[in-house]
Amino acid sequence: MTDRELDEILTYRWPFVLRRVMADDSDDWLKGFVRSIAKHGKRAGWRPSVKQEQIMRRLVSELGTAPEQDFELIER
């Protein structure tokens with residue numbers, strides 16, 4: 001993963017992944033993982049391990065780009 005890809009994921013896509021995982025009835029391990037990545041991603045020199053990168057890419061492809069299923073219109 002290049003620095004640019006990592007920045008894009010952490011800045012634009014990871015917040016969506018984090019919200020989705022925390023809102024769903026996901027397992028505790030997954031919730032801990034996405035929080036951990038968000039926390040470590042704030043450190044300037046942090047780089048994900050190979051395994052973390054694989055999981056991050058999978059989560060971004062599954063959760064970070066799909067529109068949210070449950071939404072409520074403010075005005076009807």
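Here the structure is a predicted model, which is why all the values come from computation and not from measurement.
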* Asked: With distance as the sole test, does Trp14 use its side chain to make a donor-acceptor pair with the main-chain N or O of Val60 at under 3.5 Å?
  ->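 Not at all, since once roles are kept as given, no pair shorter than 3.5 Å links the two residues.
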* **Exam field: side chain Thr11 to backbone Asp7, donor-acceptor pair closer than 3.5 Å** =>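 Yes; at least one donor-acceptor contact below 3.5 Å.
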Taking distance alone, no hydrogens or angles, what donor-acceptor pairs closer than 3.5 Å link side-chain atoms of residues 41-50 to residues at least two apart or in another chain?
{"unit_1": "Arg43", "atom_1": "NH1", "unit_2": "His40", "atom_2": "ND1", "d": "2.8"}
{"unit_1": "Arg47", "atom_1": "NH1", "unit_2": "Asp3", "atom_2": "OD1", "d": "2.7"}
{"unit_1": "Arg47", "atom_1": "NH2", "unit_2": "Met1", "atom_2": "O", "d": "2.4"}
{"unit_1": "Ser49", "atom_1": "OG", "unit_2": "Gln52", "atom_2": "N", "d": "3.1"}
{"unit_1": "Ser49", "atom_1": "OG", "unit_2": "Gln52", "atom_2": "OE1", "d": "3.4"}

* Asked: Of all heavy-atom pairs between Leu18 and Ala38, which one has the smallest distance, and what is that distance?
  -> CD2-CB, 4.4 Å
* **Contact check, side chains of Leu59 and Phe33, non-hydrogen atoms, under 4.5 Å** => yes
* Taking side chain as C-beta onward, heavy atoms only, is Thr2 less than 4.5 Å from Leu6? ->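 Sidechains of Leu6 and Thr2: no contact.
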Starting at [atom1] of [X], measure out to [atom2] of [Y] and round the result to the nearest 0.5 Å.
X     : Y     : atom1 : atom2 : value
Ile55 : Ile37 : CD1   : CD1   : 8.0 Å
Lys31 : Met22 : NZ    : CE    : 5.5 Å
Ser61 : Met56 : OG    : CE    : 12.0 Å

* All salt bridge (charged side-chain N to carboxylate O under 4.0 Å, His left out) counterparts of Arg58, not counting sequence neighbours ->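 With sequence neighbours excluded, Arg58 shows a salt bridge (charged side-chain N to carboxylate O under 4.0 Å, His left out) to Glu62, given in chain and number order.
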* Asked: Hey, is CG on Asp27 packed in by over 12 heavy atoms from elsewhere, all under 6.0 Å?
  ->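 Yes.
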* To do: Check side-chain hydrogen bond (donor to acceptor under 3.5 Å, both in side chains) between Glu53 and all other residues, then give those that pass, not counting sequence neighbours.
  =>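 Glu53 satisfies side-chain hydrogen bond (donor to acceptor under 3.5 Å, both in side chains) with Arg57 once adjacent residues are dropped.
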